[in-house]
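Throughout, a chain's letter reflects where its sequence line sits, starting with A, and its residues are numbered from 1.
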Amino acid sequence: MVPETNPVPRTRFAPSPTGLLHVGGIRTALFAWLVARQGNGQFILRLEDTDQAREVEAAGQHIVDCLNALGLNYDEGPIRQSSRLGLYKAAAQKLVDKGLAYADPYTPQEVQAFREQAQKEKKPFLYRNHRPEKPPVWDGSQPLRFKANPRNWNWEDAVMGSLKAGPEVQDDIILIKSDGFPTYNFAHIVDDAEMEISHVIRGQEFLASTANYLNLYVALEARLPIFATMPHILNSEGNKKLSKRDGAKDVLDYIREGYLPEAMVSFIATLGWNDGTEQEVFTREELIKKFSLDRVGRSGAHFDERRLLWVNGSFIRNMPVDELYKKVSDFWPEEAASSSEKYKKQVLKITQERLKIFSELPELTNYFFTDLPVDLELIDGNKQLKKLSREEQADLLRQTLEIIEASDFTAEDLQAKLNHLLETTGQKPGSLFSLIRIATTWAPFSPALNDTLSVLGKDKTLERLKTSLQQLRTSS
RNA sequence: GGCCCCGUCGUCUAGCGGUUAGGACAUCUGGUUCUCAUCCAGAAGAUCGCGGGUUCGAGUCCCGCCGGGGUCACCA
C-alpha cells in the first residue's frame with residue numbers, strides 16, 4: 001500500500017509524559033521537526049497521556065522544555081489526549097456499529113491464563129484465538145476490542161524500506177480500556193487521522209504492531225500516513241537501548257553542562273543520518289535543507305559522548321566572541337563576578353579555541369580573576385626548568401620584570417620584548433617562556449604567553465612576577 | 001519459542017557488482033618560538049558477523065547460520 005504523498009507535511013512528536021526525555025526520543029522529535037520545516041509544514045506536539053497510572057506530573061513540562069531548549073518549535077500543541085476522550089469514544093462507537101469492535105467478556109485473570117498457556121506452548125499469544133462467540137453489549141465497563149481481519153501486509157517505510165507482516169502477529173487489540181481511556185494503539189491512529197498527520201515518525205518499538213495499525217486504518221477508513229521508523233540509540237558500552245536507568249542523561253542535563261543546542265542538534269542528526277558528502281557538522285539551516293528520511297540508517301547507533309564534545313568545540317570555535325560571551329554568562333568562575341564585561345570578553349577571546357564545553361570555563365580561566373597559590377611543583381616538574389637553579393630562575397624573572405615594565409602591554413609589544421629577552425638571556429623559549437607563564441599564572445596551562453600577559457594587564461603581571469620572585473628567593 | 005528489524009575500523013559512518021574499502025571522532029607520532037588547546041602533516045586501526053551460492057568479478061544480489069535488538073500488556 002502506497003500512501004498518497006502530502007504536499008505539505010504535518011508531523012508530530014507524540015511522547016508519553018511518563019519520564020525524562022533521552023537522546024533517542026529527542027532524535028525522533030528532531031527528524032519529525034526537520035521534515036515539517038523543510039516542507040514548510042507543521043510540527044505538532046501531542047502528549048500521549050492515556051495511562052493515568054504511569055503519568056508523571058512534571059513530565060509534560062519537561063518535554064516542552066527539552067524541545068524549547070533545542071529550538072524545535074512546534075506549531076500546534078501540546079495537545080493532551082486526555083482532553084480528547086470524546087473523539088476516541090466516538091470512533092470506537094463507529095467501529096462497534098460496524099461490527100468491527102466488541103466487548104471483552106473475560107476477566108484480566110482469564111486473559112492472563114490464556115497468555116500463560118500460550119507461553120507454555122512456546123507460542124505467541126493471540127487473543128483472537130479466544131474470541132467470544134456472543135460478546136456482551138459494550139457498556140463501557142469492559143475493554144473494547146478490535147475485531148481484526150488479519151491478512152498479509154506489505155508496506156513501505158521511509159527509513160526501513162519494504163516491510164511485511166503476516167496474520168500471526170495480528171490480533172484483536174484493545175481499543176478502549178475498562179477505565180474509559182483509549183489505548184495508545186487506538187488513540188494515536190484516531191488522532192493522526194483527525195490531525196491529518198502526513199508522516200508518522202517513531203521508534204522501532206512500534207514496528208511489530210504496525211500490521212495491527214494497518215488493520216485499524218482500514219477499519220476506520222483513514223488515509224495511510226507515511227511511516228518512518230527510527231532505530232534505537234544504544235548506550236556507549238552495551239547494546240542496550242538508551243534509557244535513563246542506565247545513567248543516560250536527558251537533553252536538559254547536557255544543556256546545563258554547557259553543551260550548545262546547535263551542537264546537540266547536529267550531533268543527534270548525524271547519529272544515523274548523513275547527507276552523502278563528507279560534511280560532519282551541520283547547522284540547523286543546513287539540516288533543514290539537506291535532511292531526508294531515506295538517508296537515515298537502519299541500524300542502531302551508539303551514543304559517543306566524545307564525539308559530541310568535539311562537535312560542541314567545533315561550534316564554539318566558529319562562533320563570534322560576542323555571541324559566545326552571551327552564551328557562557330552562567331559559567332564564569334565565581335571570582336569573575338566583579339570583573340568587567342570588557343575584561344571577560346578579552347579572556348574569552350583567547351580561551352575560545354580551547355573551550356570544548358562551558359563547564360570547563362572556570363578551570364580554564366580562573367587565574368585571570370584570582371591569584372592562584374604558588375605551586376613550585378609546576379616549575380620543578382618542568383623538564384627544562386628543573387635544570388636551572390633557584391638563583392638562575394629568580395634572575396630570569398628579575399630581568400623579565402625589568403624589560404616588561406617598559407612595555408605598553410599590547411600583545412605585539414610584549415612579544416617583541418619577550419623575543420628580545422630571549423636573545424639577551426640566551427635562553428630557549430622552552431624554559432624562559434615556561435617560567436614566565438608559570439610565574440604569572442600558577443596554572444597548569446594557559447593561552448599564548450603574550451596574549452595571557454596582555455589580557456592580565458601590566459599591574460597584575462608585575463605584581464605576580466614580584467610575588468613569584470620573592471617565593472623563588474625564599475625557597476632557594 | 002513465534003514474528004520483525006539490524007550486523008563495514010573501538011565509535012559515527014561512505015559504499016547502492018569492478019574502490020589500494022573513503023571520511024570523521026577517539027588513539028599515537030611529528031610540526032606550529034613555552035604549557036593546554038587549535039591548526040597542519042603523518043601513523044595505526046575493517047580478512048566488510050560466519051558459511052555457502054549467483055557472477056568473469058560481491059561489502060554490495062540470493063540462501064543458511066550466528067550474534068544483537070525489538071515485539072508478543074486494560075504501557076506507550
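Rounded to whole angstrom, the span from the CH2 atom of A/Trp310 across to the P atom of B/U27 amounts to 13 Å. Protein atom CG of A/Asp104 is 13 Å distant from nucleotide atom C1' of B/A73, rounded to whole Å. One can place CD1 of A/Ile436 at 18 Å from P of B/C36, the figure rounded to the nearest angstrom. If you measure from atom CZ of A/Arg317 to atom P of B/C39, you get 5 Å, rounded to the nearest angstrom. Atom NZ of A/Lys164 is separated from atom P of B/C3 by 10 Å (rounded to the nearest Å). Atom P of nucleotide B/A73 and atom CD of A/Glu116 are separated by 12 Å, given to the nearest angstrom. The nearest whole Å value for the distance from the CG atom in A/Asp172 to the P atom in B/A73 is 13 Å. Between the P atom of B/C16 and the CG atom of A/Asn274 lies a distance of 13 Å, rounded to the nearest Å.
Checked by distance alone, A/Arg298 brings no side-chain donor or acceptor within 3.5 Å of a matching partner on the base of B/C6. Residue-to-nucleotide contacts include no donor-acceptor pair under 3.5 Å from the side chain of A/Ser446 to the base of B/C36. Judged by distance alone with a 3.5 Å cut-off, a donor-acceptor contact links the side chain of A/Asn419 to the base of B/U33. A/Arg354 contributes no side-chain N or O that forms a donor-acceptor pair with the base of B/U38 under 3.5 Å. One can find a donor-acceptor pair under 3.5 Å joining the base of B/A24 and the side-chain atoms of A/Arg307.
Counting any heavy atom pair closer than 4.0 Å across all strands shown, A/Arg145 reaches sugar-phosphate atoms only and no base atom. Counting non-hydrogen atoms under 4.0 angstrom, A/Thr50 reaches the backbone sugars and phosphates but no base. Using a 4.0 Å heavy-atom cutoff across all strands shown, A/Leu308 reaches no nucleic acid atom at all. Counting any heavy atom pair closer than 4.0 Å across all strands shown, A/Gly272 reaches sugar-phosphate atoms only and no base atom. Here A/Gln204 lies in heavy-atom contact (under 4.0 Å) with sugar-phosphate atoms only. If you check every strand for non-hydrogen atoms under 4.0 Å, A/Ala448 touches a base. Note on A/Phe206: a base of the nucleic acid sits closer than 4.0 angstrom, heavy atoms only. A/Thr270 comes within 4.0 angstrom of the backbone, heavy atoms only, and of no base. Using a 4.0 Å heavy-atom criterion, one finds that A/Pro108 contacts the bases of the nucleic acid, with or without backbone contacts as well. Among the protein residues, A/Lys356 comes within range of the sugar-phosphate backbone only, with heavy atoms under 4.0 Å from sugar or phosphate atoms but none that close to a base.
Residue order along RNA chain B, read from the 5' end via each residue's closest nucleotide, puts A/Pro447 first among A/Lys177 and A/Pro447. Each of A/Trp273 and A/Val169 lies near RNA chain B, and the nucleotide nearest A/Val169 is the one positioned closer to the 5' end.
A salt bridge links A/Arg307 with A/Glu280; the closest basic N to acidic carboxylate O contact falls under 4.0 Å. Comment: A/Asp380 engages A/Arg390 in a salt bridge, judged by a side-chain N to carboxylate O separation of less than 4.0 angstrom. A salt bridge links A/Asp51 with A/Arg54: the distance from a Lys NZ or Arg NE/NH1/NH2 to an Asp or Glu carboxylate oxygen falls below 4.0 Å. Ion pair A/Lys460/A/Asp371 flagged as a salt bridge, since at least one NZ, NE, NH1 or NH2 atom sits closer than 4.0 Å to an Asp/Glu carboxylate oxygen. Taking 4.0 Å as the cut-off between side-chain N and carboxylate O, A/Asp192 and A/Arg46 count as a salt-bridged pair.
The side chain of A/Asn185 has B/A76 as its nearest neighbour among B/A76, B/C34, B/C25. Nearest nucleotide to the A/Asp304 side chain, out of B/G15, B/U71, B/C25: B/C25. Closest contact between the side chain of A/Pro124 and the listed nucleotides B/G2, B/A73, B/A76 involves B/G2. Taking only side-chain atoms of A/Leu271, from C-beta outward, the nucleotide of B/C12, B/C34, B/U33 with the closest atom is B/C12. The listed nucleotides are B/G22, B/C36, B/C75; the one nearest the side chain of A/Asp51 is B/C75. Listed nucleotides: B/C4, B/U71, B/U33. Nearest to the side chain of A/Ala208: B/U71. Checked against B/U11, B/U38, B/G23, the side chain of A/His302 finds its nearest nucleotide in B/U11. Of the candidates B/C25, B/A76, B/C5, B/A76 carries the atom nearest the A/Thr183 side chain, counting heavy atoms from C-beta on. Side-chain proximity of A/Tyr184 to the nucleotides B/U33, B/A76, B/G1 is greatest for B/A76. Nearest nucleotide to the A/Arg115 side chain, out of B/C5, B/A73, B/G23: B/A73.
Using N1 to N3 plus N6-O4 or O6-N4 for Watson-Crick, or N1-O2 and O6-N3 for G-U wobble, each under 3.5 Å, B/U19 pairs with nothing. Using N1 to N3 plus N6-O4 or O6-N4 for Watson-Crick, or N1-O2 and O6-N3 for G-U wobble, each under 3.5 Å, B/G42 pairs with B/C28. Under the Watson-Crick or G-U wobble criterion, with both distances below 3.5 Å, B/G2 is paired with B/U71. In this structure B/C66 sits in a base pair with B/G7, meeting the Watson-Crick or G-U test at under 3.5 Å.
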Contact list (N/O, under 3.5 angstrom) for nucleotides 29-31 of chain B vs protein:
none

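A/Thr365 has its side chain within reach of A/Pro333: a pair of non-hydrogen atoms, C-beta onward, lies under 4.5 Å apart.
Annotation: A/Phe227 is not in aromatic contact with A/Tyr213 [ring centroid separation under 6.0 Å not met]. Between A/Phe282 and A/Trp273, the ring centre distance stays below 6.0 Å. Between A/Tyr259 and A/Phe315, the distance from one ring center to the other does not fall under 6.0 angstrom.
Side chain to side chain, A/His188 and A/Gln81 fail the donor-acceptor criterion of an N or O pair below 3.5 Å.
Using C1' as the reference atom, B/U8 and B/U19 are 14 Å apart when rounded to the nearest Å. The P atoms of B/C6 and B/G15 are separated by 16 Å, rounded to the nearest whole Å.
In this structure, A/Arg151 is positioned above the aromatic face of A/Trp153, its NZ or CZ under 6.0 Å from the six-membered ring centre and within 45° of the axis.
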